[in-house]
Amino acid sequence: MYLSIVGLLVGAVFFAFSLTPSLLPRPFLIQGVISGVSFAAGYGLGVAGVWLWKYLELPTPSKRTVRIVQVVAGLLCVLITFSFIWQAAEWQNSIRALMGIEKLAGVQPVLSGVIAAGVFVLILGLARLFQWVFRTLATRLHRHVPHRISQIISITAAVLLFWTVINGVLVNSALRVLDRSFQQLDALIDADLPHPVHAWQTGSEESLIDWKDLGRQGRSFVAGGPTAEELSDFFATPVPPPIRVYVGLNSADTPEQRARLALEELKRAGGFERSILLLVTPTGTGWVDPSSQNTVEYLHRGDIATVVAQYSYLNSPLTLLTDQGYGAENARALFTKIYDHWRTLPPESRPRLFLRGLSLGSLNSDLSFDLFDIIDDPFHGALWSGPPFRNETWRRATAERDPGSPAWLPEFRGGSVVRFMNQEHRLDHGKEEWGPFRIAFLQYASDPITFFSPESAWKEPEWMREPRGPDVSPDLRWFPIVTMLQLAADMMVGTAPKGFGHEYAPSDYIHAWLALTEPEGWSESELERLHALFD
């Protein structure tokens, strides 16, 4: 099997670059896949470069010169590859040390290399198959049409054929299997979950929503959280139970019907009689982060109501692939119903209204309202954690940040409306006074869902420049194409302990809710007890 020497040389360099650290630690299996794809990308660039050189009829060096250059370049690439493999474990452990997790064994980079070779051979085989299909079609068509026309038709047909097979057959079949699996998982009822018995609880006998229709995440949300007894024990005084309203995907057929059902259930449960009303947009599966929800219910001593509507049972990446607009449609329908009723209530007695979303939930929460629709009677604020890189409000605030503030912790127009925080910097660092309408972003510099960008394939991201975030490895470097592949893998399959990556810690939510909603009556000793409870 003929292999391009130039392609192998460029591929080896890309392989070496792929071993450098990114935002999150990687298991050897994921590292092997990334390295194999990187090698294939480098090989493809090398082959394309040789083709372009010949196509432009540029001067070709002598055979002796070519051999010398190949030997020198080959030795250099071997040295670079083995040098990078030697340091790979140390680089990965630099991230693990930052996050306080167990270090890698030294043999794992070698296993990654074996997996990378297999991935490269697979991709190369697919490329050779595409080339064979293209050439076969071109040869047969050339008997009837001019050479270049036959090539254009053949490459178009080959692309359509491969796209149909890969996207129309393989991807769709995989998505159907995953869809059925997630649907069955969503329907499972955990026998350990207590069935709601109080009239005000969603899923109870008096509820407008059936317990079975809540879905797995809805039942977990309704049955979870602090009880009135737990809150009363913590505060040593009677406090009301938090109200949690959840509408499952199977509770109604359309987003409008689910939104109407959520409003009626919220009114039935007395949600508008609480001092705080929280409108949460969940992640793709319908999951609501307990670290965020439980902390705010403690901070407001149970005097809070939360309403959630599920829009999918797939996880967030699959939801983005299959139902990109459906989550936003669902979020808009719920916001419109809740907000329209809320604004009819007397301002002096209605609850303060806040929005909340994590990850894909924050993206859809941001899309749930139009500023021009609320400007004459705005809600009070929003807390969005781990905002995806597609979040428009986040993108604009980051791009137009005040001079001198880093991309991983921007300051935007003095902080009068929008503020950012992470593990070390809280929401009290604004130069301007925070107004009555507040938007808060909680983000970690090591969160790839926030800091992934397709542009990182050809341009160094601004968040990589000094000074860097406290949880980003100092060994991280930018490489064309490879960095984008690393960040994409971090975003899709990366994991991290609480307080890093996309795992937001309860202590940070406590600080965020304190600054955003300003609950009254908290002493320093009580806050220390609250942190200790969740830690």
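With hydrogens and angles ignored, the 3.5 Å screen pairs a side-chain donor or acceptor of Asp402 with a backbone N or O of Arg413. A donor-acceptor pair under 3.5 Å is formed between the side chain of Thr20 and the backbone N or O of Phe17. With hydrogens and angles ignored, the 3.5 Å screen pairs no side-chain donor or acceptor of Trp408 with any backbone N or O of Ser446. Remark: side-chain polar atoms of Ser18 are paired, donor with acceptor, to backbone N or O of Phe15 under 3.5 angstrom.
Side chain to side chain, Arg356 and Ser385 meet the donor-acceptor criterion of an N or O pair below 3.5 Å. Side chains of Glu460 and Ser456: a donor-acceptor N/O pair is absent below 3.5 angstrom, by distance only. Side-chain atoms of Glu90 and Ser94 form no donor-acceptor pair, as typed in the model, at a separation below 3.5 Å. Between the side chains of Trp91 and Ser473, no donor-acceptor pair of N or O atoms lies under 3.5 Å. Between the side chains of Asn294 and Tyr509, no donor-acceptor pair of N or O atoms lies under 3.5 Å. No side-chain N or O of Ser220 forms a donor-acceptor pair with one of Arg216 less than 3.5 Å apart. For Asp471 and Gln423, the side-chain atoms include at least one donor-acceptor pair closer than 3.5 Å. A donor-acceptor pair shorter than 3.5 Å can be found between the side chains of Asp490 and Ser22. Side chains of Thr306 and Gln293: a donor on one and an acceptor on the other come within 3.5 Å.
Aromatic ring pairs are classed by plane angle as parallel below 30°, tilted from 30° to 60° and perpendicular above 60°; the pair Phe120 and Phe39 is perpendicular. Relative orientation of the His511 and His531 rings is tilted, given thresholds of 30° and 60° on the angle between their planes. Between His429 and His425, the ring planes lie perpendicular to each other; the angle is over 60°, past the 30° to 60° tilted range.
Around CZ of Arg396, the count of heavy atoms belonging to other residues, nucleotides or ligands within 6.0 Å does not exceed 12. Within a 6.0 Å sphere centred on CD of Glu400, other residues, nucleotides and ligands contribute more than 12 heavy atoms. For Arg135, the CZ atom sits in a loose shell: 12 or fewer heavy atoms of surrounding residues, nucleotides or ligands are nearer than 6.0 Å.
Side-chain rings of Phe451 and Phe389 stay apart, their centers remaining 6.0 Å or farther from each other.
For the atom pair Thr517 OG1 and Arg438 CZ, the distance stands at 9.0 Å (nearest 0.5 Å).
Between Arg401 and Glu462 there is a salt bridge, since at least one side-chain N of the basic residue sits less than 4.0 Å from a carboxylate O of the acidic one. Between Lys459 and Glu455, no side-chain nitrogen of the basic residue sits less than 4.0 Å from a carboxylate oxygen of the acidic one, so the salt-bridge criterion is not met. Between Asp428 and Arg419 there is no salt bridge, since no side-chain N of the basic residue sits under 4.0 Å from a carboxylate O of the acidic one.
Residues Phe441 and Ile439 come closest through the heavy atom pair CE1-CG2, 3.9 Å.
The side chain to side chain donor-acceptor pair (under 3.5 Å) with Tyr444 is formed by just one residue from the set Asp508, Thr450, Asn422; it is Asp508.
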